Amino acid sequence: MNYWLMKTEPDTFSIEDLLNCPQSISMWEGVRNYQARNFMREMKVGDRVMIYHSSCAVPGIAGFAEVCRTAYPDPTAFDPESSYYDPKSSSEKPRWFCVDVQWRFTLDEVIPLSTLKSDPLLSDMLLVKRNRLSVMPVTAAEWKHIQSHYL
DNA sequence: GCCAACGTTGGC
DNA sequence: GCCAACGTTGGC
């Protein structure tokens with residue numbers, strides 16, 4: 001099993017919105033970064049995901065989800081009406097992919113980025129080191145440390 | 001293939 | 001709203 005972190009802007013789509021989806025499952029559409037896309041294509045059903053709230057009052061980990069469908073072409077890239085539309089992506093040659101994730105758990109309080117940043121054991125975490133990546137792997141050690149210290 | 005210009009992310 | 005850190009684009 002692998003561990004991941006996925007960012008979302010709660011004003012657009014929060015972990016509560018994920019909970020409220022049918023079966024608490026949502027397509028994770030709109031990722032338009034190659035590195036993030038490549039990580040999504042590595043995801044397996046059952047992989048664990050931290051849901052991270054960005055661009056908000058207290059950015060941080062808001063809860064947990066699970067991959068429930070492996071990567072498939074992102075339909076919003078084909079939709080001219082979508083803000084995620086990309087004319088360079090076609091169903092014959094899709095450029096962007098998404099996975100489905102299912103809600104698992106919402107934290108009572110967000111684990112703030114500032115807390116994670118100040119933890120020496122998390123100083124190598126990609127979230128801390130790489131500012132602008134919306135989908136990224138989390139190591140098993142980081143995952144366990146966060147589970148045992150901040151939940 | 002280099003790199004300047006431009007666009008985006010996202011913390012603060 | 002500012003701006004640093006990147007990623008992307010496109011001329012050459």
Side-chain angles (χ1 to χ4, degrees), chain A residues 2-21 26-43 47-67 69-139 141-147 149-151:
Chain A
N2 293 306
Y3 303 103
W4 307 95
L5 182 147
M6 298 175 102
K7 293 183 181 176
T8 182
E9 298 189 12
D11 291 346
T12 304
F13 188 82
S14 71
I15 189 150
E16 286 308 306
D17 294 327
L18 176 59
L19 170 62
N20 291 327
C21 285
S26 178
M27 172 173 77
W28 204 265
E29 82 277 9
V31 172
R32 296 292 179 268
N33 169 283
Y34 291 104
Q35 202 176 356
R37 178 203 68 182
N38 293 343
F39 284 136
M40 283 201 297
R41 293 206 285 205
E42 292 177 28
M43 290 180 178
D47 281 1
R48 303 298 165 85
V49 181
M50 292 177 178
I51 302 298
Y52 178 93
H53 281 176
S54 66
S55 296
C56 55
V58 183
I61 297 165
F64 297 89
E66 189 172 308
V67 176
R69 181 179 172 187
T70 53
Y72 56 99
D74 183 342
T76 65
F78 311 140
D79 177 7
E81 301 298 309
S82 170
S83 55
Y84 298 125
Y85 177 58
D86 182 354
K88 291 172 185 163
S89 186
S90 64
S91 50
E92 297 78 33
K93 232 188 159 192
R95 174 177 294 201
W96 304 114
F97 288 77
C98 56
V99 297
D100 287 356
V101 299
Q102 182 169 36
W103 176 91
R104 295 267 303 195
F105 186 70
T106 300
L107 293 167
D108 292 335
E109 290 179 28
V110 164
I111 307 167
L113 175 63
S114 58
T115 301
L116 304 173
K117 273 184 170 172
S118 63
D119 187 330
L121 289 175
L122 297 176
S123 59
D124 285 334
M125 203 177 172
L126 266 184
L127 178 70
V128 173
K129 296 208 300 191
R130 285 283 318 281
N131 228 10
R132 301 180 45 217
L133 189 58
S134 59
V135 177
M136 66 184 80
V138 175
T139 69
E142 290 160 352
W143 184 278
K144 281 175 189 143
H145 177 69
I146 290 168
Q147 293 279 335
H149 283 74
Y150 298 109
L151 256 56

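Reckoned from all heavy atoms, side chains included, excluding hydrogens, waters and symmetry mates. Computed from a predicted structure; not experimentally measured.
Atom CG of A:N33 is separated from atom P of B:dG10 by 9 Å (rounded to the nearest Å). With rounding to whole Å, A:M136 atom CE is found 14 Å from C:dA5 atom C1'. As rounded to whole Å, 16 Å separates atom C1' of B:dG11 from atom CZ of A:R130. Rounded to whole Å, the distance from OH on A:Y84 to C1' on B:dT8 is 13 Å. The nearest whole Å value for the distance from the CE atom in A:M6 to the P atom in B:dG10 is 13 Å. The separation between A:L133 atom CG and C:dT8 atom P is 11 Å, rounded to whole Å. Atom CG of A:N131 is separated from atom P of B:dT9 by 13 Å (rounded to the nearest Å). Rounding to whole angstrom units, NZ of residue A:K7 and C1' of C:dA5 are separated by 11 Å.
Between the side chain of A:T8 and the main chain of A:F13, a donor-acceptor pair closer than 3.5 Å is present. Checking side-chain atoms of A:R104 against main-chain N and O of A:R48 turns up no donor-acceptor pair under 3.5 Å.
Taking only side-chain atoms of A:S54, from C-beta outward, the nucleotide of B:dC12, B:dG10, C:dG7 with the closest atom is B:dG10. Proximity note for A:K88 (side chain, C-beta onward) versus C:dT8, B:dG10, C:dT9: the nearest is C:dT9.
A:Y52 has no side-chain polar atom (N or O) that falls below the 4.0 Å cut-off from OP1 or OP2 of B:dT9.
Counting any heavy atom pair closer than 4.0 Å across all strands shown, A:R32 reaches no nucleic acid atom.
Side-chain contact check for A:V99 versus A:W4: every heavy-atom pair is 4.5 Å or farther apart. At least one side-chain heavy atom of A:L113 sits less than 4.5 Å from a side-chain heavy atom of A:Y52.
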